[in-house]
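Here's the structure, in structure tokens; my notes come after.
Reminder, nothing fancy here: chain letters follow the sequence lines and each chain counts from 1.
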Amino acid sequence: MKDNMTPLTDVLDFIVDNRGKTVPTSDSGIPLIATNCIKHSSIYPTFDNVRYVNDETMKTWFRAHPKPNDIIFVNKGTPGRVCLVPDAVGFCFAQDMMGFRCDPKKIDYQYLFAVLRSNFIQQKIENFHVGLVIPHFKKGDLGHIKIPRLSSRQLELAVGKLYIKLSKKIELNNQINVELEAMAKTLYDYWFVQFDFPDANSKPYKSSGGKMVYNEVLKRDIPEGWENGSLDDIGQVVGGSTPSTSERNNFADIATPWITPNDLSKNQGNKFISRGAQDVTADGIKSASLKTYPTGTVLLSSRAPIGYMAIAQNPLTTNQGFKSFIPNKGYSTEFVYYSVRNSLKTIEQYSSGSTFKEISGSVLKTVKTILPESKIVDDYTATVADTFARQNNLELENQQLSSLRDWLLPMLMNGQVTVSQ
DNA sequence: AGTAAACAGACAAACCCTTG
DNA sequence: CAAGGGTTTGTCTGTTTACT
């Protein structure tokens, strides 16, 4: 790395620091973010499990508040995670993190932000962890974090801006995906919940007076010709398993993809999955009598967090935390996906267990659902197939963008690659 | 034998206390 | 009172045990 380094503390103007004391919260008011809101999947803090403080607390309790373009630095739990403070701040923060305010005469916040997120600095930070119980980064060690400097401030700024631009493109793709998802879901609801699928004259069926028949099992009117059924009717329900983890031969980096709920929680937001953290070998498959599921299988986590869903992008298998639907009963992946999603509330209600909730395969199979005429299902599939393909492409593009970003950053930092300004 | 539930450990986050 | 540390709480998940 560069020989030209500046201690982190030398480029900062101020540090927002509210560590060590507990904020009184209230039911509403100004959002109070905690360390779980600082994630590298987002440039800005997210508002997960956010709590609130009232005006009075906001004004009097804190030592300081973050300002736009401050860099929030987590120093407890998983020290080193950083996010930027957006232009409209809209939140305050308390313990276990600090806010770095850059001295604009000395460094651009964009560059410092990119550097702090680099593996190079993340590893340095890890080396300073203290605490026997909880990893902890001491404020006093900030001066030991050395920031590599480039030949000019202009170059640094360009690097920082490039990093942020790539990150923003990734987040934009994610937003597009959220909207595509809403569209496909809305269409499902419109066709199969409200029954306003296009009739023979391309008019919405129910609203245009399409014939409805009372169904005893579902206890409501459904379009004539449709039937009641259960989730067992729309796909083959299969459960995964875990080979003995003490037997090293059961696992490998590249073999048959094997998905655990943990892979989906890390993958959050992604609709398609190709592989998890570990693959299982032929030995592992044999010892746990695992079955491989085909592309297009709909995965549903069935333990602890019930309801993580994903679609197999290639043949794979899962651990025991999943029940999956192989779409081999005449209903498409697209239809199965939303039928299951639409049943999640019931599935959660049917789950049992004292330590944590779990839905068993046999109970899952009994969850009632509607079985439309196959032509309507086919039409739906044809309509949303393109949306699914676009979502998949955007997810793949994001994987490429983030690996590009993470590959490029160290090259830029050590001068192997340069940016035209 | 295969599936479901319980157990227990790991981990992370939120919170609180002590010390200089 | 700031800063550094631990305690508590809660969640997640692989493994074991129990039950068809």
Roughly how many Å is it from [atom1] in [X] to [atom2] in [N], rounded to a whole number?
{"X": "A/Leu142", "N": "C/dA2", "atom1": "CG", "atom2": "P", "value": "17 Å"}
{"X": "A/Asn75", "N": "C/dA2", "atom1": "CG", "atom2": "C1'", "value": "13 Å"}
{"X": "A/Phe137", "N": "C/dG4", "atom1": "CZ", "atom2": "P", "value": "10 Å"}
{"X": "A/Asp48", "N": "B/dA12", "atom1": "CG", "atom2": "P", "value": "16 Å"}
{"X": "A/Met97", "N": "B/dC15", "atom1": "CE", "atom2": "C1'", "value": "13 Å"}
{"X": "A/Phe93", "N": "B/dC15", "atom1": "CZ", "atom2": "P", "value": "16 Å"}

Measuring to OP1 and OP2 of [N], would you say a side-chain N or O of [X] lies under 4.0 angstrom away?
{"X": "A/Asn36", "N": "B/dA12", "answer": "no"}
{"X": "A/Lys139", "N": "C/dA3", "answer": "yes"}
{"X": "A/Thr35", "N": "B/dA12", "answer": "no"}
{"X": "A/Asn319", "N": "C/dG14", "answer": "yes"}

Salt bridge (Lys or Arg N to Asp or Glu O under 4.0 Å): pairs with one or both residues in [range], sequence neighbours excluded:
{"range": "residues 44-67 of chain A", "result": "A/Asp17-A/Arg63, A/Lys39-A/Asp48"}
{"range": "residues 397-412 of chain A", "result": "A/Lys169-A/Glu397"}
{"range": "residues 179-189 of chain A", "result": "A/Glu181-A/Lys271, A/Glu181-A/Arg341, A/Lys185-A/Asp189"}
{"range": "residues 227-241 of chain A", "result": "A/Asp232-A/Lys329"}

* A/Glu156 side chain to A/Tyr111 main-chain N or O, any donor-acceptor pair under 3.5 Å? ->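 No: the side chain of A/Glu156 does not pair with the backbone of A/Tyr111.
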* Asked: Has the side chain of A/Ser167 got a donor or acceptor atom that lies under 3.5 Å from a matching backbone atom of A/Ile43?
  ->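 A pair under 3.5 Å: no.
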* Given B/dA14, B/dA4, C/dG14, which nucleotide is nearest the side-chain atoms of A/Arg51? ->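 For A/Arg51, the side-chain atoms sit closest to B/dA14.
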* To do: Report the nucleotide, chosen from B/dA13, C/dG4, C/dA2, that has the shortest atom-to-atom distance to any side-chain atom of A/Arg63.
  =>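 Ranking B/dA13, C/dG4, C/dA2 by closest atom to the A/Arg63 side chain puts C/dA2 first.
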* Looking at DNA chain C, which of residues 16-25 of chain A put a heavy atom within less than 4.0 Å of it? ->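 Within this stretch, A/Asp17, A/Arg19, A/Gly20 sit under 4.0 Å of the strand.
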* State plainly whether the residues A/Asp70 and A/Arg101 are in salt-bridge range, i.e. N to O under 4.0 Å. =>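 A salt bridge links A/Asp70 with A/Arg101.
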* Asked: Touch check for A/Gly140, heavy atoms < 4.0 angstrom, all strands: base, sugar-phosphate only, or nothing?
  ->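 Sugar-phosphate: the residue A/Gly140, judged by heavy atoms under 4.0 Å, touches backbone atoms but no base.
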Is a donor from one side chain sitting under 3.5 angstrom from an acceptor on the other, for [X] and [Y]?
{"X": "A/Gln313", "Y": "A/Thr295", "result": "no"}
{"X": "A/Arg81", "Y": "A/Thr78", "result": "yes"}
{"X": "A/Ser332", "Y": "A/Tyr337", "result": "no"}

* With sequence neighbours excluded, give me every ring-ring contact (aromatic ring centres under 6.0 Å, His included) pair touching residues 14-45 of chain A. =>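 Those involving residues 14-45 of chain A do not exist here.
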* To do: Please collect all ring-ring contact (aromatic ring centres under 6.0 Å, His included) contacts where either partner lies in residues 64-85 of chain A, sequence neighbours excluded, each pair once.
  =>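 As it turns out, the ring-ring contact (aromatic ring centres under 6.0 Å, His included) pairs with a partner in residues 64-85 of chain A, which skip direct neighbours, are A/Phe62-A/His65, A/Phe73-A/Phe100, A/Phe73-A/Phe137.
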* Partners of A/Phe195 by ring-ring contact (aromatic ring centres under 6.0 Å, His included), sequence neighbours excluded? ->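 Partners of A/Phe195 by the ring-ring contact (aromatic ring centres under 6.0 Å, His included) criterion, ordered by chain and then number, come out as A/Trp226.
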* To do: Specify the residue among A/Asp141 and A/Thr260 whose closest nucleotide of DNA chain C lies further upstream toward the 5′ end.
  =>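 Its nearest nucleotide being more 5', the pick is A/Asp141.
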* To do: Return the set of residues passing side-chain contact (heavy atoms from CB on, under 4.5 Å) with A/Asp108 (not counting sequence neighbours), or none when no residue passes.
  =>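 Checked A/Asp108 against side-chain contact (heavy atoms from CB on, under 4.5 Å); matches are A/Gln110, A/Arg153, A/Leu157.
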Polar atoms only, N or O, under 3.5 Å: list the protein pairs with nucleotides 6-9 of chain C and their distances.
unit_1, atom_1, unit_2, atom_2, d
C/dG6, OP2, A/Leu132, N, 3.4
C/dG6, O6, A/Lys76, NZ, 2.8

* **Terminal helix-axis angle for the helix from B/dA1-C/dT20 to B/dG20-C/dC1, with five pairs defining each axis and rounding to 10 degrees** =>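 The two end axes of the helix from B/dA1-C/dT20 to B/dG20-C/dC1 meet at 20°.
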* More 5' along DNA chain B: A/Thr78 or A/Gln95, using each one's nearest nucleotide? ->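 Result: A/Thr78.
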When you compare the protein's N or O atoms with those of nucleotides 18-20 of chain C, which come within less than 3.5 Å of each other, and at what distance?
none

